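Below is one structure, written out as structure tokens; comments come after it.
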Amino acid sequence: EAGNVNSTIYKWDGTLFDIVTPQNIATNGARDWESFEIDGQQFLTVANFVNGSTYDIDSKIYQWDDTLLQFTPFQTITTSGATDWESFKIGGETYLAVANAYNGGTYTINSIIYKWDGAQFNPHQSILTDGAQDWESFEISGEHYLAVANSITGANYDTNSAIYKWNTTTQQFDTTTPFQTISTNGIQDWHSFKMAGETYLIAANAFNGSSHNISSVIYKWDGSQFDTATPFQTLPTHRAADWESFEMGGETYLVVANSFDDAISNINSHFYRYDDQTDQFVAATNMTMGLYTDENTPYTFNTSDLLLN
């Protein structure tokens, strides 16, 4: 598959997203968009994965043009099977990390962190990664961390993903010895969230070499690192592609995007609600989500539901 197709930006019109006059941008097997702001200027960057013949292609950063009322090309950055961009700020400086996953020959390649110099992004640090699918930045007690989702080492999907800690002296992440490594299974995404002042990190595990029906795992910060000996919770997933958290009505929810159950891709994804009585996430119901499902029955959706709604 060539992958050379348009990706589309839709604008909210006050009621719905305008699907009549969107902005189309040519992309190459695009895997991710990341939006960020620098000094009041809006930017949008795309992770281009492959163009049909090579994985070593340009990913692009676009800047909002107030006159044209659309995003225009700003900077191109050569990437290798890019799967994700993550923007973050440390000490007033803006950084942009790309997850390079594959160069056509190996999954073990450098992913790059770029730093804004006032006019453009320049390479700041290279970190060796293994089939990197995602970067996740987060802060705990004033310290900055960056977690990479390593999905495959050689031909092994059961591999270590790593968390790196920012060194204020070198102004880089310490990589000689990662702050922490966590065993993951074909991981596709890290998602960090806070709840009642505590920090959690959830791994979207997708494949263990034989099955996509494996658990995603929630880890809780114990004051010095994430507790992997006794994970906070495991949740059954099916080639989990992404986790997101949100708050509604004073309660915390998680939603997972399931993508394949070893047989079909048209499968259900699930919402979960944090239950302070059990200190666990439980299936969300109509009592807590306001959705029309039977009591104690998970609210689920599939691809067709998303398109309809």
Side-chain angles (χ1 to χ4, degrees), residues 84 86 88 99 132-141 143-151 157-165 178-208 211-261 267-285 288-289 296 298-301:
D84 179 66
E86 176 82 352
F88 55 94
Q133 298 296 309
D134 181 55
W135 285 107
E136 177 78 352
S137 63
F138 53 94
E139 182 179 342
I140 302 175
S141 302
E143 302 282 0
H144 295 272
Y145 300 86
L146 190 62
V148 63
N150 287 323
S151 66
Y157 291 91
D158 297 332
T159 187
N160 284 330
S161 291
I163 301 171
Y164 301 99
K165 183 178 180 180
F179 174 78
Q180 186 175 5
T181 58
I182 297 176
S183 180
T184 52
N185 310 106
I187 184 174
Q188 298 297 295
D189 174 64
W190 282 115
H191 178 66
S192 64
F193 63 98
K194 292 185 182 293
M195 187 170 61
E198 304 284 354
T199 302
Y200 300 82
L201 188 63
I202 184 166
N205 288 319
F207 188 55
N208 63 7
S211 177
H212 298 90
N213 301 317
I214 56 176
S215 293
S216 290
V217 185
I218 305 174
Y219 301 96
K220 182 179 180 180
W221 181 261
D222 67 7
S224 60
Q225 64 177 5
F226 288 98
D227 183 358
T228 57
T230 309
F232 178 75
Q233 189 173 358
T234 60
L235 292 167
T237 50
H238 309 282
R239 198 169 75 181
D242 185 47
W243 280 96
E244 292 295 331
S245 60
F246 62 95
E247 292 186 4
M248 186 170 64
E251 298 195 275
T252 301
Y253 296 86
L254 291 174
V255 58
V256 62
N258 287 320
S259 64
F260 185 63
D261 68 355
I267 59 174
N268 290 325
S269 294
H270 297 271
F271 289 97
Y272 297 90
R273 173 186 61 83
Y274 174 70
D275 177 25
D276 57 8
Q277 298 299 311
T278 61
D279 191 29
Q280 295 278 275
F281 283 91
V282 298
T285 72
T288 56
M289 291 291 290
N296 295 322
Y299 173 73
T300 60
F301 60 88

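In this text, all values refer to a predicted model and were calculated from it rather than measured experimentally.
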Determine, step by step, whether Asp275 and Gln280 satisfy the side chain to side chain contact (heavy atoms under 4.5 Å, CB included) criterion, reporting the C-alpha distance in whole Å, the side-chain angles of both residues, the deciding distance to 0.1 Å, and the verdict.
CA-CA 6 Å; Asp275 177 25; Gln280 295 278 275; 5.9 Å; no
Would you check, one step at a time, whether the test side chain to side chain contact (heavy atoms under 4.5 Å, CB included) holds for Ile182 with Ile187?
CA-CA 11 Å; Ile182 297 176; Ile187 184 174; over 6 Å; no
Distance-minimising heavy-atom pair for [X] and [Y]:
X	Y	value
Gln188	Ser151	NE2-CB, 4.2 Å
Ala99	Gln133	CB-C, 4.3 Å
Gln180	Thr228	NE2-CG2, 3.6 Å
Ala240	Val256	CB-CG2, 3.9 Å
Thr230	Asp227	N-OD1, 3.0 Å

Of all residues at least two apart in sequence or in a different chain, which pass the ring-ring contact (aromatic ring centres under 6.0 Å, His included) check with His144?
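Testing His144 for ring-ring contact (aromatic ring centres under 6.0 Å, His included), a comparison that skips the adjacent residues, returns none.
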Phe271 and Val255: CA distance, side-chain angles, deciding distance, side chain to side chain contact (heavy atoms under 4.5 Å, CB included) verdict:
CA-CA 4 Å; Phe271 289 97; Val255 58; 3.7 Å; yes
For [X] and [Y], indicate whether the former's side chain and the latter's backbone hold a donor-acceptor pair under 3.5 Å.
X	Y	value
Trp190	Trp135	no
Asn258	Thr237	no
Glu198	Lys220	no
Thr159	Gly186	no
Ser161	Asn150	yes
Asp242	Ala257	no

Taking the side chain as everything from C-beta on, heavy atoms only, tell me whether [X] gets closer than 4.5 Å to [Y].
X	Y	value
Phe232	Ile202	no
Phe260	Asn213	no
Ile163	Tyr219	no

Would you please classify the geometry between the [Y] ring and the [X] ring as parallel, tilted or perpendicular, with 30° and 60° separating the classes?
X	Y	result
Phe207	His212	parallel
Phe193	Tyr200	parallel
His270	Tyr272	tilted
Tyr145	Phe138	parallel

Between Ile214 and Tyr157, is a side chain to side chain contact (heavy atoms under 4.5 Å, CB included) present by the stated rule, with each step listed?
CA-CA 12 Å; Ile214 56 176; Tyr157 291 91; over 6 Å; no
Can a side-chain donor-acceptor contact be found between Ser215 and Thr234 if the only test is distance below 3.5 angstrom?
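There is no such pair between these side chains.
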Once rounded to the nearest 0.5 Å, what's the spacing between atom [atom1] of [X] and atom [atom2] of [Y]?
X	Y	atom1	atom2	value
Ser245	Met195	OG	CE	9.5 Å
Asp134	Trp243	CG	CH2	14.5 Å
Glu136	Asp84	CD	CG	8.5 Å
Thr199	Glu139	OG1	CD	9.5 Å
His238	Ser216	NE2	OG	10.0 Å
Leu254	Gln233	CG	CD	8.5 Å

According to side-chain contact (heavy atoms from CB on, under 4.5 Å), who are the partners of Ser137, at least two apart in sequence or on a separate chain?
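For Ser137 the side-chain contact (heavy atoms from CB on, under 4.5 Å) partners, ignoring immediate neighbours, are Glu86, Phe88, Leu146.
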Check for me whether the distance between the ring centres of Tyr164 and Phe179 falls short of 6.0 Å.
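Between Tyr164 and Phe179, the centre distance exceeds or equals 6.0 Å.
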